[in-house]
Structures are given as C-alpha cells and as structure tokens.
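Down below is the structure, laid out as structure tokens.
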Amino acid sequence: MPVLVITGTGTEVGKTVATAAVAAAALAAGRTVAVLKAAQTGVGPDEPGDADEVARLAGAVTKAEVARYPEPLAPATAARRAGLEPVRPHEVAEAAAKLATAHDLVLVEGAGGLLVRFDHEGGTLAHAAELLRAPVLLVASAGLGTLNTTELTARELRRRKLELAGVVIGSWPDSPDLASRCNLADLPDVSGAPLLGALPAGAGRPAPAHFRAAAPGWLAPRLDGTWDAEAFGVREAP
C-alpha cells in the first residue's frame with residue numbers, strides 16, 4: 001500500500017487528525033511517510049496548512065501541497081475566486097507517484113468529501129485515486145447522520161471500482177450516545193468495509209509527543225496500529 005488516499009464523509013469530521021494518526025503509526029512501525037495535501041483552502045501563502053498540522057502531530061514526515069487558495073471554499077470555487085489555476089487530478093496523481101518513489105507510504109489527503117470539485121471540469125479526489133489505483137480510507141463522524149454519508153461515499157467508490165480500505169471514526173465522544181454505539185456495528189455494514197479505528201474526541205489537542213505515543217492504539221493493525229475492534233465494541237465487520 002505505497003499510496004493511501006484519505007477522504008472524509010464531509011468537512012470537520014477529523015480527517016487531518018486521522019491522517020496524522022495514520023502517519024504517526026506508520027512512522028512508529030519504521031516506515032518512511034510523505035503527506036500530500038491535494039488542495040489546501042482557507043490559508044494564506046505563509047500560514048500553516050493541513051500538511052503542516054500532520055507533520056506537527058506525527059513527526060518526521062515529508063509534507064507537500066499541490067496548490068493552496070486563500071478562501072475556505074471548495075477548491076474549484078476557491079481557485080476561481082482567487083483567479084488562480086485549479087488543481088487537476090492528474091497533478092495530484094503525479095505528485096503522489098513521485099513521492100512514492102522515495103517513501104514507504106504516501107498519504108494523499110483530500111479537501112472535504114470524495115466528490116468535492118477540484119476544477120470546473122468536475123475533477124475530484126476520486127479521479128486522482130483512479131489514476132493512482134490507490135485504496136481509499138474514509139474518515140466518518142460517530143453519531144446520528146453518519147450512516148447515510150458513509151454509505152453514499154462507499155457506493156460511489158464501488159461504482160468507480162475503487163477499493164475502500166476501511167472506515168475510521170474521526171472523533172469518538174467521551175460519552176457516546178445510543179446512535180454512536182449502534183454505529184460501531186452499522187458503519188461496517190453500510191460501507192461494506194471494516195472499521196479500522198476510532199480517534200478520541202480532541203485527539204489533536206495534546207502535545208505531539210503524547211499524540212505520537214497514543215496514535216497506534218487508535219488504529220487497527222492494518223494501519224500499523226494495535227486497536228482491538230472487538231474490545232472497543234465492534235461486533236460486526238465484513
């Protein structure tokens with residue numbers, strides 16, 4: 001798995017912190033890691049972006065961006081409003097493939113969800129994943145409403161014949177409600193893929209050293225972690 005594409009069921013589901021956890025676990029396992037942000041929006045030229053946050057939390061990763069835009073909008077819209085060239089899926093794929101020649105693992109983090117548009121022609125992260133023939137890791141929220149967005153994303157991946165490597169819950173609450181507890185069984189069911197971890201709420205707030213030590217415990221062995229799905233309460237997985 002030299003390239004892993006990471007997307008979310010939407011915005012604010014914990015995708016960047018989940019990317020950092022995957023990177024930290026891989027580094028702890030002795031792998032070299034690069035993190036590529038396909039399209040960074042909402043930051044100025046000299047401000048830290050999501051790849052910088054992954055590096056801050058995870059440690060010694062190679063960080064890269066394909067493009068960045070100042071307004072916090074979908075990449076195609078942000079590029080248009082800024083009068084800048086949009087990101088093209090082939091540019092994302094080429095940058096990831098180049099990084100893969102020098103790293104054991106390349107994590108490609110999208111912007112928002114799978115079908116958020118990069119350009120006016122409708123290019124998306126899904127198109128980049130197709131060009132890379134890379135598996136996709138889906139970061140989902142824990143509670144009510146997540147089943148619909150998770151299943152829709154999983155169906156689109158299957159339609160495109162892309163592999164859904166699994167689902168990670170981006171923010172597991174300290175006191176999970178009934179919906180969240182039921183979703184431990186329902187997320188694998190609706191996605192047709194295993195639940196590969198759950199990050200605690202606020203996982204990105206502690207000091208980086210604590211984050212790096214804890215990250216493998218949030219992720220399943222498939223992601224270089226030690227998370228025990230059954231002990232966590234997951235009873236049904238494909």
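Basis for what follows: all heavy atoms, side chains included, without hydrogens, waters or symmetry-related copies. Predicted model only: the values in this text are computed from it and were never measured.
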Would you mind reporting whether Asp52 and Lys63 have side-chain heavy atoms less than 4.5 Å apart? yes
Less than 4.5 Å apart, any side-chain heavy atom of Leu114 and any of Thr124? no
N/O donor-acceptor pair under 3.5 Å between Arg68 side chain and Glu47 backbone: yes
Quick one: closest heavy-atom pair of Ala67 and Val87, and the distance? CB-CG2, 3.5 Å
Looking just at side-chain N and O atoms, do Ser180 and Asp177 make a donor-acceptor pair shorter than 3.5 Å? yes
Evaluate whether atom CZ of Arg117 has more than 12 neighbouring non-hydrogen atoms of other residues, nucleotides or ligands under 6.0 angstrom away. no
Kindly give the heavy-atom pair with the smallest separation between Pro135 and Leu4, and that separation in Å. O-CD1, 3.6 Å
Between Glu94 and Lys98, is there a salt bridge with N-O shorter than 4.0 Å? no
Do Val3 and Leu131 sit in one hydrophobic cluster, given that two such residues count as connected whenever their side-chain heavy atoms are within less than 4.5 Å of each other, even indirectly? no
Only distances under 3.5 Å count here; give the side-chain donor-acceptor pairs of residues 140-149 to other protein atoms, sequence neighbours excluded, each with its distance to 0.1 Å.
{"residue": "Ser141", "atom": "OG", "partner": "Thr146", "partner atom": "OG1", "Å": "3.4"}
{"residue": "Thr146", "atom": "OG1", "partner": "Ser141", "partner atom": "O", "Å": "2.8"}
{"residue": "Thr149", "atom": "OG1", "partner": "Thr146", "partner atom": "O", "Å": "3.2"}

Could you go through Asp228 and Val234, starting from their C-alpha distance and side-chain angles, then the distance that decides it, and tell me whether this counts as side-chain contact (heavy atoms from CB on, under 4.5 Å)? CA-CA 9 Å; Asp228 186 334; Val234 180; over 6 Å; no
With heavy-atom distances below 4.5 Å as the criterion, would you say the side chains of Tyr69 and Thr77 are in contact? no
Residues forming a side chain to side chain donor-acceptor pair (under 3.5 Å) with Arg81, sequence neighbours excluded: Glu71
Under a 4.5 Å cut-off applied to non-hydrogen side-chain atoms, are Glu156 and Leu152 in contact? no
Return the minimal non-hydrogen interatomic distance between Gly166 and Ala193, and the atom names on each side. CA-CB, 3.9 Å
Are Arg88 and Glu121 close enough for a salt bridge, meaning some N to O gap below 4.0 Å? yes
Is it possible for you to say whether Val5 and Val116 belong to one hydrophobic cluster, with membership spreading through side-chain heavy-atom contacts below 4.5 Å? no
Closest heavy-atom pair, Val139 versus Gly170, reported as atoms and distance to 0.1 Å, is CG1-CA, 3.7 Å
If every non-hydrogen atom of Lys37 is compared with every non-hydrogen atom of Ala111, which pair is closest and at what distance? NZ-CA, 4.2 Å
Donor-acceptor pair, side chain of Arg31 and main chain of His103, under 3.5 angstrom: no
Could you tell me whether Phe232 and Trp218 have their ring centroids closer than 6.0 angstrom? no
Is any side-chain heavy atom of Thr19 closer than 4.5 Å to a side-chain heavy atom of Asp50? no
What pair of heavy atoms forms the shortest contact from Phe118 to Val92, and how long is it? CE1-CG2, 4.0 Å
Worked verdict on Thr41 versus Leu73 for side-chain contact (heavy atoms from CB on, under 4.5 Å): CA-CA 6 Å; Thr41 65; Leu73 302 167; 5.9 Å; no
Is there a path of hydrophobic side-chain contacts, each under 4.5 Å between heavy atoms of I, L, V, M, F, W or Y residues, that connects Leu137 with Val17? yes
More than 12 heavy atoms from other groups under 6.0 Å of CZ on Arg160: yes
